[in-house]
Amino acid sequence: MTRLQFRYLLTPRGWARDRAVAIDEAGRIEAIEDGSGPWDGTLAVPGVPNAHSHVFQRALAGRGEARHGEDSFWSWREAMYALAARIDAEDLYVIARQAYGEMLASGFTSVAEFHYLHHAVDGARGPEQAEAVVKAARDSGIRLRLLPVLYQLGGFGRAPGAGQARFVHERKDDFLRLLEALKGHDPGLAFHSLRAVAPETLSGTLADVRKLLGNDIPVHIHIAEQQREVEDCVEATGHSPIDALLDAVEVDEHWSLVHATHPRDYELRAVRERGATIVVCPLTEAYLGDGLFPGRDYLAGGGSVAVGSDSNARIDAVEELRWLEYGQRLSDQARARLADADGLAVSLWQRAGVGGAQALGLPVGTAALGAMADFVVLEPHRSSLLGHEPEQWLDALVVAGSGADIADVYVGGRRVVESGHWPRAADIAGRYDAVVKKLMES
Ligand code: ZN
């Protein structure tokens, strides 16, 4: 058993002083008691669940920023396909080690990996690519929820294109075979989007996957990310995407809808009533020019929300939370959108923790009995925290700081980042540098 002691701990009821956290062999919080030191850190908050990542896309960060006519999501997607075609399982491992190390150091302690780079470069089928991601997560120390992605079409009613070849399982049975091979890694399920999976097949596929993996698995889907996608969906199905989804399958609290950038008001009301989670990826939605999640009523009404680093162009849990709030400020022309009477960051952090736990289907994101002992620790003397008492540090961090201000990070009670540094970071960075340069040359 491990015991960690903090001067301040953020619990579901707010700040608690001088706490000792007892952690069992499985990394779960067994007890929270009075502590008397020695202290393992000044201020500890639950690690943020990252509810949406495509880890290989980390290698595209900073590329494709020059203007060529009307650059859009769709031209970026072509560049992403060109990269994806070249990454082998070893490359993927190195890219994922770098990205997962950065996630941990910036405050994410768990990640839902929306994995669709399935087949080998030569087209061979098997679990090797997914296993490279699993191994990278294990070696980094981040808690992983692997979401193998079903991807069948190249657009509404269209056959997949050459750029999508590595993602596609045309036959459901081939995809089920992959899930069977990955079963030991406790995967959930993702449908890529309604562009890539025909709505009328969702329900039957989900039933088959639940037979294999259980009824409680998390189920994710990209939805209503781009205006053109909404228009195409209306043309193909007669419904806008969220409507088409709700019509096609029983959406409940196991479901996470990623982006939902262009919904209708009644669609968001229905999502909230069904208890599903919306995963907002503010930095990527800005990076790709998707738009702003119109969340005023959804968020004010208590809708479940989580954040994701998605394209991993910039990996920072603190910035994702800041821009979840700032996006709403910009669209509402008002402040304190996700704040309560005590401040912004506690409610924001707790909300992303609870929503993230629901999205990952794991007991994470909260410092409570039975939850995983995943903590982010802050220490004084970071410039963003200067002049504040510890109870205000989190507001100061979210508004004025970044993930770089985080000191230590624990996953399951084990320290995986110490004073901002993760183990073997220089070695991984060197390998990552070489892999990306090789991929961009070839
Ligand atoms: Zn995505």
Side-chain angles (χ1 to χ4, degrees), residues 49-61 64 72-81 83-84 87 92 95-96 99-100 103 108 110-118 129-130 133 144-155 163-164 166-168 187-197 218-230 233 241-242 245 255-263 276-293 305-317 320 323-324 327 352 355-356 359-360:
N50 182 354
H52 189 66
S53 161
H54 309 288
V55 77
F56 78 89
Q57 292 178 14
R58 172 68 182 83
L60 272 181
S72 70
F73 172 88
W74 307 100
S75 55
W76 171 86
R77 195 175 71 154
E78 292 306 316
M80 185 268 282
Y81 288 170
L83 170 72
I87 296 175
L92 184 57
I95 295 167
Y100 290 155
M103 283 182 201
F108 287 124
S110 50
V111 58
E113 182 61 38
F114 198 105
H115 173 77
Y116 57 83
L117 194 56
H118 291 308
Q129 309 287 319
V133 170
L144 176 73
R145 177 64 101 166
L146 182 69
L147 301 174
V149 175
L150 180 61
Y151 199 127
Q152 295 187 295
L153 300 168
Q164 296 157 325
R166 294 185 67 189
F167 316 154
V168 170
L189 168 68
F191 296 106
H192 180 274
S193 57
L194 296 182
R195 302 193 302 271
V197 183
V219 184
H220 289 219
I221 188 166
H222 288 129
I223 199 110
E225 179 177 6
Q226 287 275 327
Q227 290 280 14
R228 192 176 109 191
E229 172 198 351
V230 175
C233 187
I242 296 175
L245 177 70
W255 279 77
S256 289
L257 278 57
V258 181
H259 302 302
T261 314
H262 301 286
T277 298
I278 290 187
V279 182
V280 184
C281 307
L283 296 183
T284 296
E285 287 152 11
Y287 169 68
L288 295 178
D290 290 342
L292 280 175
F293 170 59
V305 67
V307 293
S309 65
D310 194 359
S311 68
N312 296 306
R314 167 75 176 145
I315 296 176
D316 193 309
E320 296 290 359
W323 281 99
L324 174 59
L360 270 66

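Computed from a predicted structure; not experimentally measured. Read the numbers this way: they start at 1 and go in the same order the structure lists the ligands and their atoms. Along the sequence shown, the residues carry numbers beginning at 1.
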*Would a distance-only check, ignoring hydrogens and angles, find a side-chain to backbone donor-acceptor pair under 3.5 Å from S311 to T284?*
no
*Have a look at the Zn ion (ligand 1) and estimate, to 10 degrees, the angle subtended by NE2 (H52) and NE2 (H222).*
90°
*Examine distances only and state if a side-chain atom of E113 and a backbone atom of V55 form a donor-acceptor pair shorter than 3.5 Å.*
yes
_If the cut-off is 2.8 Å, does any N/O/S atom of C281 fall short of it from the Zn ion (ligand 1)?_
no
*asked:* Donor-acceptor pair, distance only, cut-off 3.5 Å: does the side chain of H52 make one with the backbone of V280?
replied: no
*Given atoms NE2 of H54 and OD1 of D310, what angle do they subtend at the Zn ion (ligand 1), to the nearest 10 degrees?*
90°
*In this structure, which one of I223, L147, V149, V219 forms a side chain to side chain contact (heavy atoms under 4.5 Å, CB included) with F191?*
V219
